[in-house]
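Below is one structure; the comments refer to it alone.
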Amino acid sequence: MFELESPIYFYLLALLPIIVALFLFNLFWKRKRQAIFADLELFNQLAPEKSSFKPALKLGVLLLALACIIIALVNPKMGTKMETVKRQGIDIVFAVDISKSMLAEDVAPNRLEKTKQIVSQIINQLGNDRVGIVGYAGSAYPVLPMTTDYSIAKMYLQSMNTNMVSSQGTAFNDAIQLAVDFFDVKDTSKLIVLISDGEDHGDGVEDAVELAKEKGVRIITIGVGTEKGGPIPLRDDKGTIASYKKDQDGQTVITKLYPETLKKIADNTKSKYIAGTVTKDVVEEVKKSLDKIEKSEFESQQIADFESQYQWFLALGFLLLLVDVFLLEKKTAWVQKLNLFNEKKHA
C-alpha cells in the first residue's frame, strides 16, 4: 500500500509540455534562420559531427530528470504490513437526537447544528479514545462504528439530519441500548454522551439505563435548547422558512427543553447533566469528566512502516541531470559507425 504526502506538486508536471513546446519552437526558429544563409545539405557538410538525434535525446533525459524530481517533491510513501498498536483511552459513543424538534432555533443556528458543534469540539479534545455515533428519534440508527479516525467521525457527524430516521419522537431507550451494543471490547472504560432536547421520550428508559449500569457504561447527558422553547421551522427547497409545524388543531407547535429525564439518566449512571448553552463551557465540563475516568488499554490495527521513498526519485533525477550535462550534441563515434539512422556520410 502507498500514500502521497504532497500530491499538489503533481501540478508541476504541466511544465514538461511547455518545455517540449519551447524546444520545438527553438528548433523551428533555428532551421528557418539557417535556410536564409544556405540549404540544410551545406550545413551538414560544414558541421559533419553535429547530430540531429542528440538534442532530442538530451531533451528526453532532461524531462525524465524533472519528472523524477517532481515525484520526489510529492514524496510517495510505502506501507508494508498491518500492525497491532496498543492505545490507552476511553470508548465513547455519541448518541445524537435527530428528531424534528432539534430543528428549533431557540439556540443558534438551531439545536441540531449546535449539537454538531458541541460533539465536533469534544472530538477535537480527544487523544487515543475510540468514538462511535448513534442517531435517534422514534428509533435508533447506527451512524458510525467505533473508530480512532476523528476526521471520518466528524464527516459522518456533519452528514446527520432529521430525515435519517422516519419515526419521530425521542426514544432514549433505543438510543442507549444501541450505544451499549457498540462497545465491542469488554475491558475498556465506556461512556455514552447523549445529546437531546429531552422532549417526548418513550417508555423503557429505566430498563435501558439499568442495562448500561450492568455493562459498566456511564452516560453524560447534554440538554440542547431553552425551557422557553421555540417553533419548528418548515423550509422549502430553497432553504427559506415556508411555515412552522402545527398540531392537529392548527396551532403552532412550541418545542421546549425538558432536562428532567436527562438529569435522571445521568444521575443513575453516576455521571452528570450539562446544559448545552455555551459550546466552550460544555466541552470543558466533558473534558473534566473524561479526565476522571480511568483509561483502558486496547488494541487497534493500522498500516505500519509507511516510509518515504522520495530519495530514490531525487537521486535518479540528479543522476539524469548529470547525464544530460555530459551528453554532447555531436555524433558519437561508435554509434556513427553503426549508422542506425541511415545517415549519409560526407567527405
Side-chain angles (χ1 to χ4, degrees), residues 1-30 51-89 120-133 144-159 295 297-332 334-335 340-341:
M1 297 184 69
F2 71 95
E3 64 178 19
L4 304 175
E5 184 177 40
S6 304
I8 192 171
Y9 286 111
F10 274 133
Y11 287 113
L12 293 176
L13 291 173
L15 294 174
L16 303 188
I18 296 175
I19 294 174
V20 173
L22 290 174
F23 171 81
L24 294 175
F25 175 78
N26 182 60
L27 185 64
F28 172 78
W29 179 82
K30 280 183 177 180
S51 173
S52 57
F53 169 70
K54 284 289 188 67
L57 179 61
K58 282 176 65 66
L59 175 67
V61 173
L62 176 63
L63 293 177
L64 189 57
L66 292 176
C68 288
I69 293 173
I70 291 170
I71 294 174
L73 290 172
V74 172
N75 190 17
K77 294 182 176 181
M78 300 292 291
T80 57
K81 64 181 180 180
M82 291 292 291
E83 185 178 76
T84 300
V85 180
K86 291 187 176 182
R87 302 173 180 266
Q88 279 196 334
S120 182
Q121 290 300 315
I122 293 173
I123 291 174
N124 288 342
Q125 299 297 316
L126 301 179
N128 293 321
D129 309 297
R130 300 196 307 169
V131 298
I133 302 176
L144 178 71
M146 304 303 294
T147 181
T148 54
D149 191 332
Y150 297 155
S151 60
I152 291 292
K154 288 190 285 186
M155 182 181 72
Y156 274 81
L157 173 68
Q158 294 303 320
S159 69
K295 306 296 186 292
E297 187 175 89
F298 59 87
E299 295 181 345
S300 62
Q301 284 193 326
Q302 64 182 32
I303 295 293
D305 293 341
F306 270 108
E307 295 183 357
S308 296
Q309 306 296 322
Y310 74 91
Q311 63 272 13
W312 303 106
F313 295 96
L314 192 62
L316 179 58
F318 281 121
L319 177 61
L320 289 170
L321 286 177
L322 189 63
V323 170
D324 186 71
V325 169
F326 287 98
L327 189 62
L328 303 178
E329 292 193 3
K330 70 177 185 178
K331 295 178 181 178
T332 306
W334 65 270
V335 175
L340 296 174
F341 302 99

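This is a predicted model, so every value here is computed, not measured.
Contact record, Lys77 with Ser308: CE-OG, 3.5 Å, taken as the closest heavy-atom pair. Of all heavy-atom pairs between Ser120 and Leu157, the closest is N-CD2, 3.7 Å. The minimum heavy-atom distance linking Phe313 with Pro76 is given by the pair CE1-CG, 3.7 Å. Across every non-hydrogen atom of Ala153 and Ile123, the tightest pair is CB-CD1, 4.2 Å. In terms of heavy-atom proximity, Ile69 sits nearest to Gly317 at CG1-CA, 4.2 Å.
Rounded to the nearest 0.5 angstrom, Leu16 CG and Leu64 CG are separated by 9.5 Å. Taking OG1 of Thr148 as the reference point, atom CG of Asp129 lies at 10.0 Å (rounded to 0.5 Å). Note that the CG atom of Leu24 and the CD1 atom of Ile19 stand 12.0 Å from one another [nearest 0.5 Å]. Note that CG of Leu66 and CG of Leu320 are 9.5 Å apart. Values are rounded to the nearest 0.5 Å.
Environment of CZ in Phe10: crowded, with over 12 heavy atoms of neighbouring residues, nucleotides or ligands closer than 6.0 Å. More than 12 heavy atoms of other residues, nucleotides or ligands lie within 6.0 Å of OH in Tyr150, so this atom counts as buried by the packing criterion. The 12-atom threshold is not exceeded at OH of Tyr310, counting heavy atoms of other residues, nucleotides or ligands nearer than 6.0 Å.
For Asp324, there are no side chain to side chain donor-acceptor pair (under 3.5 Å) partners, not counting sequence neighbours.
Applying side-chain contact (heavy atoms from CB on, under 4.5 Å) to Val131 and the options Leu126, Ile122, Ile152 leaves one that passes, Leu126.
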**Asked** Step by step, would you call Leu4 with Asn75 a side-chain contact (heavy atoms from CB on, under 4.5 Å)?
**Response** CA-CA 6 Å; Leu4 304 175; Asn75 190 17; over 6 Å; no
